[in-house]
Each structure stands twice: as C-alpha cells, then as structure tokens.
Amino acid sequence: MFNAYLINDSFGDPGVYVEFKYRHSAILFDLGDLHNLNPRKLLKISHIFVSHTHMDHFIGFDYLLRVCLGRDRHISLFGPPGFHQQLENKISAYTWNLVENYMNDFALHVTEVHPERKIHRLYRCRTAFKPEMEEVYESYNGTLTESNFFTVKGEFLDHKIPCLAYRFEEKSRVNIKKNVLEEMGLPVGVWLVNLKDRILCGDPDDTPIRIWWKEEKRGTKETFVSLGELKETIVKVTPGQKITYITDAVYSEENARKIIELAEASDLLFIEATFLQEDADKAAQKYHLTAFQAGTLARMAGAKRISLFHFSPKYKGTPNLLVEEAMRAYNG
Ligand SMILES: [Zn+2]
Ligand SMILES: [Zn+2]
C-alpha cells in the first residue's frame, strides 16, 4: 500500500514521492527542488529514479546529500547516460577532508542506464565518495530494479537528449479483513506488516507467524498461528497498483508509441503538460508535450487517473486552461 504524489505544484520542479504506508520507506522520481519534503521524508527514500539532469530535475541532489550526511543510509540512484560523471561533478564541488572520521555508513549505489546495459558504481561517504567499486556491467532489458514488493521499469524518450520515463509496479496487494481479525479476537499491530512480507516473499504455509500485543501491567503477550491458516482466514490478495512517470519528451511517433506502451493500464499516470496545443510549435522546439498531447496519450494508454505537471510559467495565471485541455483530450 502506498501514497504517490507530486512534490511541488504544477509550475514547480517535477518530482513524485511514493511512500509505502507501513514500511518506513519511499521512492522518488526526479531530484528537482525537494524543499517540500521534510528531512523525515527524505530519510525514508531507498531508490531515486532521475529522468535526466536538466537543472529542474537534478538540483535537489545537494539537499538530499546534506540531509543524509552523517546518517546510516544506502540509497540506489538511477539515471541516463553520463549520470555517473554528472553526479561526480556535483560531489567534487565540495571539500570532503573530514568524512573519514565519520562513524556512520552513508553510501550511494548509482546505476547509469544505457539502452542495452546498466553500469553500477558505489560511492561511500567514508571514502569521500570516490567511486570504490569496479564498474559492474549488466545487460538491460527494461527492468531497472525488482524487489519482493515492487518493480521499476525504464524507457528512453527523446528530449533532444535521452530522458528516462519510469513505470512502477507494486507486486500483489495483501489486504487484511479487519472484521474477521476482530471475530478471531486477534489484535491489529506491527505483526501484520511481517505477515504481509512473508506472503509477498512466498514463504511456505507452515511458517509460524508471531502475533503479539501489549497488555497494560501484564506486558507483551504473544501467540503463533501458521501462515497458511492466516492466508485462508484474514487475508485477501489483490493485484498491485501501477504508476507511470513521464516528463520532458517531444511529441513524436516514436515517443508516443513508447509512452502508450509504458503507461498501459496505469492506475495513476503522472505526465507533463507543459504547453497549450495552440503553442505546439513552441512545445516541439523545447522538446516538451502539450496538454492535448498528454491527455491523448493518457487516453490511448488506458490510464485510470492522470496527474499533470511541469506547466510552463507562461500560463502562471491560467493553469486551468492546461488542465481543461488535457482532460478534454483524456476523456475523448
Ligand atoms: Zn528537460
Ligand atoms: Zn524539465
């Protein structure tokens, strides 16, 4: 279960924060201005997917680094060709002579994505962020990362430079039937998170699940029930949700095909709507989508909901025009 939302308003720097409700973790699409995310939220982030390194998508890297410094954090970052060098350029702007005394373990696992391969490098705070791992090459088939809980795929779009669009797919959703839980006299609590994890990891049915709760004066109480029994009684598994993040792309036949394919049947599609269709020539010059194009692509992809962003400042007083144009095209 998660919440996904734009970090800034439609005119602000692009970026989507996806927060996993019970896991104390989050992922982020794009690294623009992050000041709307407080440090507590930033410190939950495990994965960051950067579309490209234009300033409005990458300026937040320094702020993130600042917040994470001195903490035990490992963050995986993904970005387009040239990403390692650009990240190293940012890091090398600072002086790191005292970090070897830091006791904590802060590290960046950075994957540069190319059309046919992924290249990994590791940067540790304690070694002044000098790339310390041999580069690892891996073939790239569209999937960037996969865990027990989600998969993220990436597709290259043309923005005069390669720009990555992303699709996040939640694995199955494990829902708890609260009424049955109550009937069985079982408490709600953290043990349910463990139960969900065990189901998503595919653990065998005879796995004992510890159910525990606190009682006033009598302390912690516990009981054990098999995973199989809980699956049959209190659990309902439904398909996971899909989110797509599309920004900074020119409208071309090839981009349109890739966007429709990537965003197919998304539960929520975040898509840029930078210009009005009457300014389509400007959109083409700047390699961005118009609101009409965004709405049309969303409809053709069968997206269930859309969220629009990256509005040009040209429409500062009239954002509703962009929204209305996109929604008209989306609704057909
Ligand atoms: Zn751009
Ligand atoms: Zn941009």
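The first residue of the sequence shown is numbered 1, and numbering continues consecutively from there. Since we're looking at a predicted model, the values are computed, not measured.
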Donor on one side chain, acceptor on other, Glu272 and Thr274, under 3.5 Å:
yes

Applying side-chain contact (heavy atoms from CB on, under 4.5 Å), run through Asn175 and Val235 and close with a yes or a no.
CA-CA 6 Å; Asn175 305 285; Val235 166; over 6 Å; no

Connected via hydrophobic side-chain network under 4.5 Å: Val193 and Leu195
no

Please check this pair: side chain of Asn255 against backbone of Asp158, looking for a donor-acceptor N/O pair closer than 3.5 Å.
yes

For the pair Lys258 and Glu254, find out whether any cationic side-chain nitrogen is under 4.0 Å from an anionic carboxylate oxygen.
yes

Inspect the surroundings of NZ in Lys231 and state if more than 12 heavy atoms from other residues, nucleotides or ligands are less than 6.0 Å away.
yes

Step through the shown structure and confirm whether more than 12 heavy atoms of other residues, nucleotides or ligands are within 6.0 Å of CZ on Arg66.
no

Taking atom types as modelled, is there a side-chain donor on Gln85 or Asn89 under 3.5 Å from an acceptor on the other?
yes

Hydrophobic clusters here meaning ILVMFWY residues chained together by side-chain heavy-atom distances under 4.5 Å, can you tell me if Phe168 and Leu6 are in one?
yes

Would Arg305 and Tyr330 count as a cation-pi pair here, with the cationic atom under 6.0 angstrom from the ring centre and within 45° of the axis?
no

Can you tell if the side chain of Val18 reaches within under 4.5 Å of the side chain of Phe150, non-hydrogen atoms only?
no

Taking the inter-plane angle between the rings of Tyr245 and Phe270 on a 0 to 90° scale, is it parallel (under 30°), tilted (30 to 60°) or perpendicular (over 60°)?
tilted

Shortest non-hydrogen contact from Leu268 toward Ala4:
CD2-O, 4.3 Å

With no hydrogens and no angle check, is any side-chain donor or acceptor of Asp105 less than 3.5 Å from a backbone partner on Asp72?
no

Are there over 12 heavy-atom neighbours, none belonging to Glu232, within less than 6.0 Å of that residue's CD?
no

A quick test of your reading: do over 12 heavy atoms of other residues, nucleotides or ligands sit less than 6.0 Å from CD of Glu116?
no

Please report the shortest heavy-atom distance between Ser172 and Leu200, naming the atom on each side.
O-CD2, 3.3 Å

Looking only at atom types and distance, does a side-chain atom of Lys118 sit under 3.5 Å from a main-chain N or O of Thr143, one as donor and one as acceptor?
yes

Donor-acceptor under 3.5 Å (Lys282 side chain, Leu276 main chain)
no

Quick check: does any side chain N or O of Arg73 sit under 3.5 Å from a backbone N or O of Ile45, one acting as donor and the other as acceptor?
yes

Linking I/L/V/M/F/W/Y whenever any side-chain heavy atoms sit under 4.5 Å apart, do Val323 and Phe292 land together?
no

Over all atoms of both residues, closest heavy-atom pair of Phe83 and Thr111:
CD2-O, 4.0 Å

To the nearest 0.5 angstrom, please state how far the CZ atom of Phe149 sits from the CZ atom of Phe20.
9.0 Å

Under the 3.5 angstrom rule, does the side chain of Trp191 hit a backbone N or O of Glu222 as a donor-acceptor pair?
no

If the plane angle is over 60° it's perpendicular, under 30° parallel, otherwise tilted; pick one for Tyr315 and Phe275.
perpendicular

Main-chain N/O of Gln241 paired with Glu170 side-chain donor or acceptor, under 3.5 Å
yes

Do Val188 and Ile176 come close enough that some side-chain heavy atom pair is under 4.5 Å?
no

Strictly distance-based, threshold 3.5 Å: is any side-chain N or O of Asn8 a donor or acceptor partner for the main-chain N or O of Asp13?
yes

Exceeds 12 heavy-atom contacts within 6.0 angstrom, atom CD1 of Ile59:
no

Measuring from atom CG of Leu227 to atom CD1 of Ile209, what distance do you get when rounded to the nearest 0.5 angstrom?
4.5 Å

Do Leu164 and Val50 have side chains that get closer than 4.5 Å, going by heavy atoms?
no

By the definition side-chain contact (heavy atoms from CB on, under 4.5 Å), identify the one residue from Asn38, Val67, Leu37 that meets it with Leu43.
Val67

Hey, could you give me the CD1/CG distance between Ile48 and Leu64, rounded to the nearest 0.5 Å?
4.5 Å

Just how far is it from atom CG of Leu157 to atom OH of Tyr287, taken to the nearest 0.5 Å?
13.0 Å

Shared hydrophobic cluster, Leu308 / Val250 (ILVMFWY, side-chain heavy atoms < 4.5 Å):
no

Minimum side-chain heavy-atom gap Phe78-Val152 below 4.5 Å
no

Same hydrophobic cluster for Leu31 and Leu69, using side-chain heavy-atom links shorter than 4.5 Å among ILVMFWY?
yes

Parallel, tilted or perpendicular: which fits the ring planes of His47 and Phe49, with parallel below 30° and perpendicular above 60°?
parallel

Within 6.0 Å of CH2 in Trp212, more than 12 heavy atoms from elsewhere
no

Check the pair Tyr166, Leu144 against side-chain contact (heavy atoms from CB on, under 4.5 Å), reporting the backbone distance first and the verdict last.
CA-CA 9 Å; Tyr166 294 107; Leu144 293 167; 3.3 Å; yes

Of His288, Lys286, His54, the one forming a side chain to side chain donor-acceptor pair (under 3.5 Å) with His159 is His54

Can you check whether Ile161 reaches Thr53 side chain to side chain, under 4.5 Å on heavy atoms?
no

Could you label the plane-to-plane angle of the Tyr17 and Tyr5 rings as parallel, tilted or perpendicular, counting under 30° as parallel and over 60° as perpendicular?
tilted

Please report the C-alpha distance between Arg167 and Glu169 in whole Å, then the side-chain angles of each, then the deciding distance to 0.1 Å, and finally whether the salt bridge (Lys or Arg N to Asp or Glu O under 4.0 Å) criterion is met.
CA-CA 6 Å; Arg167 176 182 176 96; Glu169 291 179 10; 2.6 Å; yes

Are His114 and Glu112 linked by a side-chain donor-acceptor pair shorter than 3.5 Å?
yes

Taking atom OG1 of Thr296 and atom CE of Met300, what is their separation to the nearest 0.5 Å?
8.0 Å

To the nearest 0.5 angstrom, please state how far the CD atom of Glu325 sits from the CD atom of Gln293.
9.0 Å

Stepwise, does the side-chain contact (heavy atoms from CB on, under 4.5 Å) test hold for Lys177 with Met184?
CA-CA 11 Å; Lys177 299 179 195 162; Met184 289 173 74; over 6 Å; no

Heavy-atom count check: over 12 atoms from other residues, nucleotides or ligands less than 6.0 Å from Lys304 NZ?
yes

Please give me the minimum heavy-atom distance between Asp267 and Gly240, naming the atom from each residue.
OD2-O, 4.3 Å

Closest non-hydrogen atoms of Gly15 and Asp30, given as atom of the first, atom of the second and distance, are CA-CB, 4.1 Å

Hey, is CE on Met327 packed in by over 12 heavy atoms from elsewhere, all under 6.0 Å?
yes

Using side-chain contact (heavy atoms from CB on, under 4.5 Å), reason through His52 and Gln86 one step at a time and then give a plain yes or no.
CA-CA 10 Å; His52 63 306; Gln86 291 192 283; over 6 Å; no

Could you tell me whether Lys316 sits above the aromatic face of Phe11, with NZ or CZ closer than 6.0 angstrom to the six-membered ring centre and within 45 degrees of the axis?
yes

Could you walk me through whether Glu253 and Arg257 pass the salt bridge (Lys or Arg N to Asp or Glu O under 4.0 Å) check?
CA-CA 6 Å; Glu253 219 170 274; Arg257 180 183 58 75; over 6 Å; no

Could you pull out the closest heavy-atom pair between Arg299 and Gly332, with the gap in Å?
NE-CA, 3.6 Å

